[in-house]
Amino acid sequence: MIDAITVSNLDFSYGEEQILSSLEFNVRKGEFLAIAGPNGAGKSSLLNLLTRTIKPSKGNIALMGRDIRDYNRLDMAKTVSIVRQDFSAAFGFNVYETVMMARTAFFNVLGFESSLDRDIVENALEATNVAHLANRDLNEISTGERQRVFIARALAQETPIILLDEPTSFLDLKHQVEIYDLLKQMQLESSKTIVTVTHDINLSGQYCDKVLLLGYRDSFYLGDIESVFEKNKIAEIFSVRGLSTQINGRYIFLTDAKHSNRGQSNT
Amino acid sequence: MTRYSRLTFTKLLISVLIGIAILIVTMLVCSLVGTKTISIKNLLSPNLSTIDAEIFYKIRLPKILLASIVGAALAVSGAVLQAILKNPLADPYILGISSGAGVGAMFASVTGLQFVFLGKSPIAIFAFIGAFATVWLVWTIGSLADKRSSNGLLLTGVVINTFFSAITMFMIAIAKSLTVHSTMIWLMGNISPENSTTITTMAILTVIATAVLIRLGPSLNLISFSSAQAKTIGIDVSRVRFLAFLITAFITSIAVSLSGLIGFVGLIVPHAVRLVWGADHRKLLPITAIAGAIFMVIADTVARTIVSPAQLPVGVLTALIGGPFFIVLLIRNSKRQNLL
């Protein structure tokens, strides 16, 4: 079976600073991968490398078994979509217009969408449960709703691979769970390959199949949930002390604190 | 079942045709108003040598046609630059066009050049060259300074504007006051009657430019949203930005060379239209062009009637309206961003 994403021997530097070094990992078709790691380890850079927004200094990236250097712009847009964090409220687009933007590269000669594009957009709006907001301004809806709109846009791009950059930051618990439920549903029902950068390893651990822990320079670890938690790789990669445990079959990682009400400073 | 308000080509075409009809009516009404009110009866009489007909066809109509073209060009350019710079407070002059035109015009006036090219004075020709060359300079430096965002372009524009304004001041300081005064008045923005060739050429160029920009509309939607996102959705961002930039720089430079610096049209009109009709550039750009034309025709009519029989430079009038509007916009915009 061909992998959805194959990264081999990947180096990336930002100016003088080497961010990624000899990174190797693969994501199979229909898998859900979470990427976690300390700030500045290159998680967002990795997403930009996968979408070819930036170029690596060395190494290869293949999507659906094909080197990304061999893709043209349109094929790339048909293969991978990304939900980013950046949002500026400068211009008042409504929800429908925002999701329709995913179809831009496929508009007709006059620059208008086909009825197929409309069906795709309407399905995406319904799948992400934002159809009732279609005519609302993007500035008028809540952060959680807006995040679902951006996921709808990625869905409307109809790519087998969807990347997300911290889709649950700024969201409260209920909305975080909603987003992960939605991603899981997209994985299971539409067999999408999902890659999400996350800061909440406990939450994403309950949904994803594999975790890529990205540390500084050449330290990284790819494994399934059990191995990531059981080998206590999280503590190692994040350079924090803590313990992994299992509650009702679900893994969680708890950090030790120097100063806390019930700290374990004796270890 | 949710009802989606979708934009279709037919819907757009109908709105545009209605807009054009309103524009034509406005132009007709405004061309009858003035120091001398013209009666339609005299215009329709077979005898076209009446004074009314003379004023209407030789002075008012060319002036109003030019006003509408300049208004449309400036407004569309403003809307497009706001999109590609991702800055709602951008206007067509932000990238050095105004100061470039100023330097060019002052240079022609100070050196006392005397020639006529395509029926235009050296001041107009040099204003065009100055404007276009400056935009080019800003684009080159801005792209070198910051390849990935539009901030480099914006900052370069501000710096070049200040620098060239200083050069203009320098030339004013060393020049004879009489020639400088007339150039200053010219720069303030005036719509003067032009010959029919100039008007036709300008009209065709503006319509073609607007059509191309409307076709870039879907890409502009994405770019105004996020360039990085636009790339991953399959848009050739650098090509669209370059093309949009080149076209707006060109039509703005022509507008400036014909009418001097008419400020705030390119800022106010796109905003007002966006508030009512939304942000989709396929709809925003044609409606902005028509609204810009209507705004300019009315502004020009007010400028030539308010202190009649004297005439106010129309640029002064638009700036007087535009200044307070800009401040309201700024406050409204910052409030909106604080909410997030």
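Labels below follow one simple rule: chain letters A, B, ... track the order of the sequence lines, proteins then strands, and each chain is numbered from 1. All values reported here derive from a predicted model rather than from experimental measurement.
- Looking only at heavy-atom pairs under 4.5 Å with chain B, the residue among I82(A), V80(A), L74(A) that has the most is I82(A).
- The aromatic rings of F150(A) and F225(B) sit perpendicular to each other, their planes meeting at more than 60°, with 30° as the lower class boundary.
- Counting all heavy atoms, side chain and backbone alike, P218(B) lies closest to G111(A) at CG-O, 3.5 Å.
- A distance of 7.5 Å separates CG in L110(A) from CZ in R215(B), rounded to the nearest 0.5 Å.
- Within a 6.0 Å sphere centred on CZ of R239(B), other residues, nucleotides and ligands contribute 12 heavy atoms or fewer.
- Close approach to chain B, defined as a heavy atom under 4.5 Å from one of its heavy atoms, is seen in E97(A), T98(A), M101(A), A102(A), T104(A), A105(A), F107(A), N108(A), V109(A) of residues 97-109 of chain A, taken by number.
- What you find for I233(B) and R153(A) is that their closest heavy atoms are CD1-CD, 4.2 Å.
- Heavy-atom minimum distance, G234(B) versus R73(A): O-NE, 3.3 Å.
- Shown are T51(A), T159(A), L50(A); of these, the side chain to side chain contact (heavy atoms under 4.5 Å, CB included) with T232(B) is made only by T51(A).
- In this structure, the portion of A83(B) lying under 4.5 Å from any heavy atom of chain A is its backbone and not its side chain.
- Within the 4.5 angstrom heavy-atom criterion, only backbone atoms of N87(B) (N, CA, C, O) approach chain A.
- The two atoms that bring L12(B) and F112(A) nearest to each other are CD2-CZ, 3.7 Å, heavy atoms only.
- The aromatic rings of F93(A) and H281(B) sit tilted, their planes meeting at an angle between 30° and 60°.
- Around the CZ atom of R28(A), the shell of radius 6.0 Å holds no more than 12 heavy atoms that belong to other residues, nucleotides or ligands.
- The local environment of CD1 in I2(A) is sparse, with at most 12 non-hydrogen atoms from other residues, nucleotides or ligands closer than 6.0 Å.
- From Q82(B), atom CD reaches atom CZ of F91(A) across 6.0 Å, with rounding to the nearest 0.5 Å.
- Side-chain atoms of R118(A) and T8(B), non-hydrogen and from C-beta on, do get closer than 4.5 Å to each other.
- For the residue pair E113(A) and L7(B), the shortest heavy atom distance occurs at OE2-O, 3.6 Å.
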